[in-house]
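FYI, side chains are in, hydrogens and waters are out, and symmetry mates aren't considered; it's all heavy atoms of this structure. Here, residue 1 is the first one in the sequence, and each next residue gets the next number.
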Amino acid sequence: MPPGRCVSLRPDKRAVRIGIGGPVGSGKTALVAALCRALATELRLAVVTNDIYTTEDADFLRRAGVLPDDRIRAVETGCCPHTAIRDDISANLDAVEELEERLGALDLILVESGGDNLTATFSKGLVDHQIFVVDVAGGDKVPRKGGPGVTTADLLVINKTDLAPLVGADLGVMARDAQARRGDLPTVFLSLVGEPGAAPVADWVRDRVAEPASTPRHHEPTPAHTHGP
């Protein structure tokens with residue numbers, strides 16, 4: 001398909017919103033960039049990034065040229081990242097709605113959280129599905145530490161598998177512990193060095209976009225504000 005030509009998978013339906021969260025340095029922004037490269041010619045796509053005091057992640061995406069500048073919107077949260085994606089989502093909702101108003105009908109909006117801990121989850125009033133990204137550099141103990149990010153995300157991505165031999169992480173242990181914590185929820189092992197297109201994650205996103213439109217969102221009760229795992 002020629003660059004810039006998109007055939008909508010969701011005619012006359014609202015955009016699917018997918019939240020991407022995880023600890024600092026786990027590779028969230030690199031994953032967003034890979035997904036944009038893989039999907040931008042197929043879907044009407046936009047991105048909202050979150051940083052506490054800067055627009056660093058949005059600037060990275062713009063420098064990488066993965067989307068036109070007007071399809072990337074930065075939110076400076078000024079607070080703990082999970083506050084802006086779960087506790088008070090107004091700034092992110094404003095960013096999403098501004099993109100939809102300015103760009104017209106969209107198929108997919110990716111909302112990237114700032115780097116946070118294993119308790120970080122997205123409000124269902126903000127996104128339809130959640131991806132949680134961890135990396136092997138933290139050691140193979142990370143999946144068994146659990147936390148809502150690991151245990152409840154619709155997709156868990158264990159990233160930077162190319163580093164496993166360098167840090168002594170056992171991918172088999174991580175797979176076993178992820179399944180024990182997550183049950184039937186899917187887990188993907190990924191190296192953007194070996195798989196720059198993030199094909200298994202892109203395929204999962206395509207499937208979510210192809211699903212029938214969901215029912216209207218309702219804001220769920222706000223959980224307690226937490227910092228520890």
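Leu185 and Ile18 sit in two unconnected hydrophobic clusters of ILVMFWY residues. Membership requires side-chain heavy atoms under 4.5 Å apart, directly or through other members. Under a hydrophobic clustering in which Ile, Leu, Val, Met, Phe, Trp and Tyr are joined whenever their side-chain heavy atoms come within less than 4.5 Å, directly or via other members, Phe60 and Ile52 fall into different clusters. Both Met174 and Leu163 sit in one connected hydrophobic cluster of ILVMFWY residues. Membership requires side-chain heavy atoms under 4.5 Å apart, directly or through other members. Cluster membership check: Phe132 shares its hydrophobic cluster with Leu171, using side-chain heavy-atom separations under 4.5 Å among Ile, Leu, Val, Met, Phe, Trp and Tyr. Using a 4.5 Å cut-off between side-chain heavy atoms of Ile, Leu, Val, Met, Phe, Trp and Tyr, with links allowed through other members, Leu166 and Ile158 fall into the same hydrophobic cluster.
The structure places CZ of Arg102 at 5.5 Å from CG of Leu99, a figure rounded to the nearest 0.5 Å. In this structure, OG1 on Thr49 lies 11.5 Å from CD1 on Ile20, to the nearest 0.5 angstrom. Here the CG-OG distance, from Asp88 to Ser123, works out to 10.0 Å after rounding to the nearest 0.5 Å. The CG atom of Asp177 lies 7.5 Å from the CG atom of Asp140; values are rounded to the nearest 0.5 Å. The CG atom of Leu39 sits 9.0 Å away from the CG atom of Asp203 when rounded to the nearest 0.5 Å. For the atom pair CG (Asp59) and OG1 (Thr54), the distance works out to 7.5 Å, reported to the nearest 0.5 Å.
Counting heavy atoms from C-beta on, the side chains of Leu31 and Asn159 never come closer than 4.5 Å. Looking at heavy atoms from C-beta onward, Thr187 lies out of side-chain contact with Gln179 at the 4.5 angstrom threshold. With contacts defined as side-chain heavy-atom distances shorter than 4.5 Å, the pair Phe122/Ile89 does not qualify. Contact check for Pro196 versus Arg37: no side-chain heavy atoms found under the 4.5 Å cut-off. Put simply, the side chain of Lys145 does not reach to within 4.5 Å of the side chain of Val150, judged on heavy atoms. Leu106 places a side-chain heavy atom less than 4.5 Å from the side chain of Arg71. Residues Glu100 and Ile109 have side chains in contact (heavy-atom distance under 4.5 Å, counting atoms from C-beta outward). With contacts defined as side-chain heavy-atom distances shorter than 4.5 Å, the pair Leu67/Leu61 does not qualify.
Between the Arg181 side chain and the Arg144 main chain, a donor and an acceptor come within less than 3.5 Å of each other. Remark: side-chain polar atoms of Lys28 are paired, donor with acceptor, to backbone N or O of Pro23 under 3.5 angstrom. A donor-acceptor pair under 3.5 Å is formed between the side chain of Ser191 and the backbone N or O of Gly194. Within the 3.5 Å criterion, the main-chain N or O of Asp128 finds no donor-acceptor partner in the side chain of Arg208. At least one donor-acceptor pair under 3.5 Å links the side chain of Arg182 to the backbone N or O of Pro186.
Across all their heavy atoms, Trp204 and Gln130 have their closest contact at CH2-O, 4.4 Å. In terms of heavy-atom proximity, Val136 sits nearest to Ala164 at CG2-N, 3.7 Å. Across all their heavy atoms, Ala38 and Gly197 have their closest contact at CB-O, 3.9 Å. In terms of heavy atoms, Leu192 sits closest to Ala34 at CD2-CB, 4.0 Å. The nearest pair of heavy atoms linking Ala84 to Asn92 is O-ND2, 2.9 Å. The shortest heavy-atom contact between Pro200 and Leu190 is CG-CD1, 4.3 Å.
Between Asp107 and Arg44, at least one side-chain nitrogen of the basic residue sits less than 4.0 Å from a carboxylate oxygen of the acidic one, meeting the salt-bridge criterion. Residues Asp116 and Arg86 are not paired through a salt bridge, judged by the lack of any N-O separation under 4.0 Å between the basic side chain and the carboxylate.
A 6.0 Å sphere centred on CD of Glu101 holds no more than 12 heavy atoms belonging to other residues, nucleotides or ligands.
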Stepwise side chain to side chain contact (heavy atoms under 4.5 Å, CB included) check, Thr77 with Thr83: CA-CA 8 Å; Thr77 64; Thr83 301; over 6 Å; no

Intermediate values then yes/no, side chain to side chain contact (heavy atoms under 4.5 Å, CB included), Leu108 and Glu42: CA-CA 10 Å; Leu108 173 65; Glu42 305 172 28; over 6 Å; no

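A side-chain contact (heavy atoms from CB on, under 4.5 Å) with Asp57 is found for one member of Val75, Thr29, Asn50 and no other, namely Thr29.
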